[in-house]
Amino acid sequence: MNALVATNRNFKLAARLLGLDSKLEKSLLIPFREIKVECTIPKDDGTLASFVGFRVQHDNARGPMKGGIRYHPEVEHDEVNALAQLMTWKTAVANIPYGGAKGGIGCDPRDLSISELERLTRVFTQKIHDLIGIHADVPAPDMGTGPQTMAWMLDEYSKFHGYSPAVVTGKPIDLGGSLGRDAATGRGVLFATEALLNEHGKAISGKKIVIQGFGNVGSWAARLIHEKGGKIVAVSDITGAIKNSKGIDIPRLLNHVKENKGVKGFEGADSLDPESILVEDCDILIPAALGGIINRENANEIKAKFIIEAANHPTDPEADEILSKKGVIILPDIYANSGGVTVSYFEWVQNIQGFLWDEEKVNNELKTYMTKAFKDVKKMCQVHNCDLRMGAFTLGVNRVARATVMRGWEA
Ligand SMILES: NC(=O)C1=CN([C@@H]2O[C@H](COP(=O)(O)OP(=O)(O)OC[C@H]3O[C@@H](n4cnc5c(N)ncnc54)[C@H](O)[C@@H]3O)[C@@H](O)[C@H]2O)C=CC1
Ligand SMILES: O=C(O)CCC(=O)C(=O)O
């Protein structure tokens with residue numbers, strides 16, 4: 001199912017549960033602004049290459065719009081729109097003073113050299129610099145981008161507006177990035193998993209866990225879960241999939257990935273068909289890569305009892321229904337992966353205050369926010385007699401709707 005159709009469907013279900021006025025519902029669904037730009041760069045060999053860049057600013061009722069920039073071949077209009085909308089509900093679930101946005105460029109970063117990526121990022125920033133800003137829209141990393149991408153965006157933006165570190169988050173520490181931001185989404189996934197298991201009288205130690213995606217989010221989640229005694233039995237990334245039913249030695253795998261740019265060929269595990277990773281035997285499945293990968297084709301085959309959505313929109317609504325009938329509990333993306341944007345908020349606050357926090361403070365504050373958000377989501381589940389996805393959606397949508405109504409529409 002198309003990502004935007006799926007996201008709109010979840011939003012509309014939540015709007016019905018909340019009894020939202022249909023005109024307000026319509027106003028919340030339409031993006032504030034959609035930007036599509038052409039980005040042409042000279043390649044290293046002198047030929048030209050053209051790419052399409054997007055920034056969708058979905059909603060700013062609760063504060064500046066916030067969300068990552070993705071570099072991936074599948075970046076396109078509807079997907080970016082869906083991701084921007086999810087950011088609006090996510091920042092509201094986390095209860096941080098932001099709206100939602102998302103951006104990206106349709107490209108394969110693995111096919112571009114470092115200097116080509118730098119030129120592409122600078123051209124994209126030149127095209128959107130007037131529409132982003134510290135109190136307007138604050139980008140951050142997502143799939144295929146990272147601290148270096150944010151450093152180039154900051155530098156390019158600063159040529160037009162003066163040095164403004166708070167215009168992007170997820171920066172390198174040397175440029176005002178926050179301690180703990182790199183690990184934050186994975187750490188938030190750990191806190192979210194612990195909160196959910198705790199509610200079911202269980203602990204992470206000894207649980208069999210499968211993780212799809214071993215980039216920023218998947219590798220940090222794996223490392224932190226492994227430290228807590230969780231047994232990671234299978235992992236995949238774009239290079240392949242590996243499996244060890246006794247538990248993968250994650251520190252050794254991290255070294256392997258650093259040297260080999262992927263999990264493929266890791267000696268401490270057997271190779272596995274990447275297609276089958278989602279249906280491997282485990283207690284907890286953590287999708288941490290692409291969207292839409294849990295769908296009606298594979299939902300029935302899933303063995304996990306819990307799914308923690310570290311990726312954005314990994315489960316489509318048809319799969320949600322199938323899994324719910326099977327009794328699988330899904331911790332939805334707009335809560336489970338909100339640790340990243342929450343620490344982005346801490347980074348922005350530090351930049352504006354000009355006062356840096358130590359890592360312990362960042363991690364403790366993150367835990368406080370994640371724990372509070374879990375309780376808030378659970379409360380909505382009780383009020384509306386719904387699952388965790390609708391608990392999170394009703395929480396986020398209700399907060400944004402209230403802010404929108406209070407601000408009013410007077411021209
Ligand atoms: N970076 C962040 O702070 C946040 C990221 N997310 C979401 O988490 C997910 C992962 O993002 P990052 O870790 O930042 O990206 P990343 O670019 O660091 O890593 C992506 C990983 O997915 C793997 N991958 C790509 N295609 C795959 C495929 N077909 N099968 C298996 N693995 C595949 C890549 O090899 C890589 O290991 C995305 O859905 C993103 O939107 C959500 C919240 C915050
Ligand atoms: O850190 C941020 O601002 C956004 C992270 C992001 O793109 C996401 O949560 O999906």
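In this chain, residues are counted from 1 in sequence order. Whatever order the structure lists them in is the order used to number ligands and atoms, beginning at 1. No hydrogens, no waters, no symmetry mates; every other heavy atom, side chains included, goes into these values.
- Residue contacts with ligand 1 do not include His313, since none of its heavy atoms lies under 4.0 Å from the ligand.
- With distances taken over non-hydrogen atoms, the option nearest atom 32 (N) of ligand 1 out of Val343, Val263, Leu290, Asp237 is Asp237.
- Here the CD-CZ distance, from Glu79 to Phe54, works out to 10.5 Å after rounding to the nearest 0.5 Å.
- The nearest non-hydrogen atom to atom 27 (C) of ligand 1, considering only Thr185, Val341, Ile238, Thr169, comes from Ile238.
- In this structure the side chain of Val167 never reaches within 4.5 angstrom of the side chain of Val138, judged on heavy atoms.
- Between Ser205 and Lys231 the shortest side-chain heavy-atom distance does not fall below 4.5 Å.
- Taking 4.0 Å as the cut-off between side-chain N and carboxylate O, Lys171 and Glu347 count as a salt-bridged pair.
- You'll find the side chain of Leu154 reaches within 4.5 Å of the side chain of Tyr163, heavy atoms only.
- Open room surrounds CZ on Arg296; 12 or fewer heavy atoms of other groups in view lie less than 6.0 Å from it.
- Within ligand 1, counting atoms from 1 as listed, the ones closer than 4.0 Å to a heavy atom of Gly144 are 17 (O).
- Between Ala289 and ligand 1, a contact under 3.5 Å exists for at least one N or O pair.
- Near Asn312, the atoms of ligand 1 lying under 4.0 angstrom from a non-hydrogen atom of the residue are 6 (N), 7 (C), 39 (O), 40 (C), 41 (O), 42 (C).
- Each of Lys202, Lys228, Arg187, Lys207 was scored for a salt bridge (charged side-chain N to carboxylate O under 4.0 Å, His left out) with Glu194, with one residue passing: Lys228.
- Using a 4.5 Å heavy-atom threshold, the side chains of Ile41 and Leu48 count as separate.
- Under 4.0 Å from any atom of ligand 2, one finds heavy atoms of residues Lys66, Gly67, Gly68, Met87, Lys90, Lys102, Ala140, Asp142, Arg181, Asn312, Gly340, Val341, Ser344.
- Tyr98 and Tyr345 have perpendicular rings, their planes meeting at more than 60° on a 0 to 90° scale where under 30° would count as parallel.
- Across Asp316, Leu323, Asp320, a single residue satisfies side chain to side chain contact (heavy atoms under 4.5 Å, CB included) together with Ile294, and that is Leu323.
- Taking every non-hydrogen atom of Ser236 and a distance limit under 4.0 Å, the qualifying atoms of ligand 1 come out as 31 (C).
- At a heavy-atom distance under 4.0 Å, only backbone atoms of Ala310 (N, CA, C or O) approach ligand 1.
- By the 4.5 Å heavy-atom criterion applied to side chains, Asn260 and Val257 are not counted as neighbours.
- Checked against a 3.5 angstrom limit, the closest N/O atoms of His72 and ligand 1 fall outside it.
- Taking distance alone, with nitrogen or oxygen atoms compared against 3.5 Å, Gly215 approaches ligand 1 more closely than that limit.
- Classification of Glu116 and Arg122 as a salt-bridged pair fails, no side-chain N sitting under 4.0 Å from a carboxylate O.
- Within the 4.5 Å cutoff, side-chain heavy atoms of Ile242 are placed close to those of Leu253.
- Below 3.5 Å of separation, one finds no N or O of Thr145 facing any N or O of ligand 1.
- Counting heavy atoms under 4.0 Å from ligand 1, residue Ala241 does not touch it at all.
- Near Asp142, with a cut-off below 4.0 Å to any heavy atom, the atoms of ligand 1 are 5 (C), 6 (N), 14 (O), 40 (C), 41 (O).
- Close to ligand 1: Arg181, with a non-hydrogen atom less than 4.0 angstrom away.
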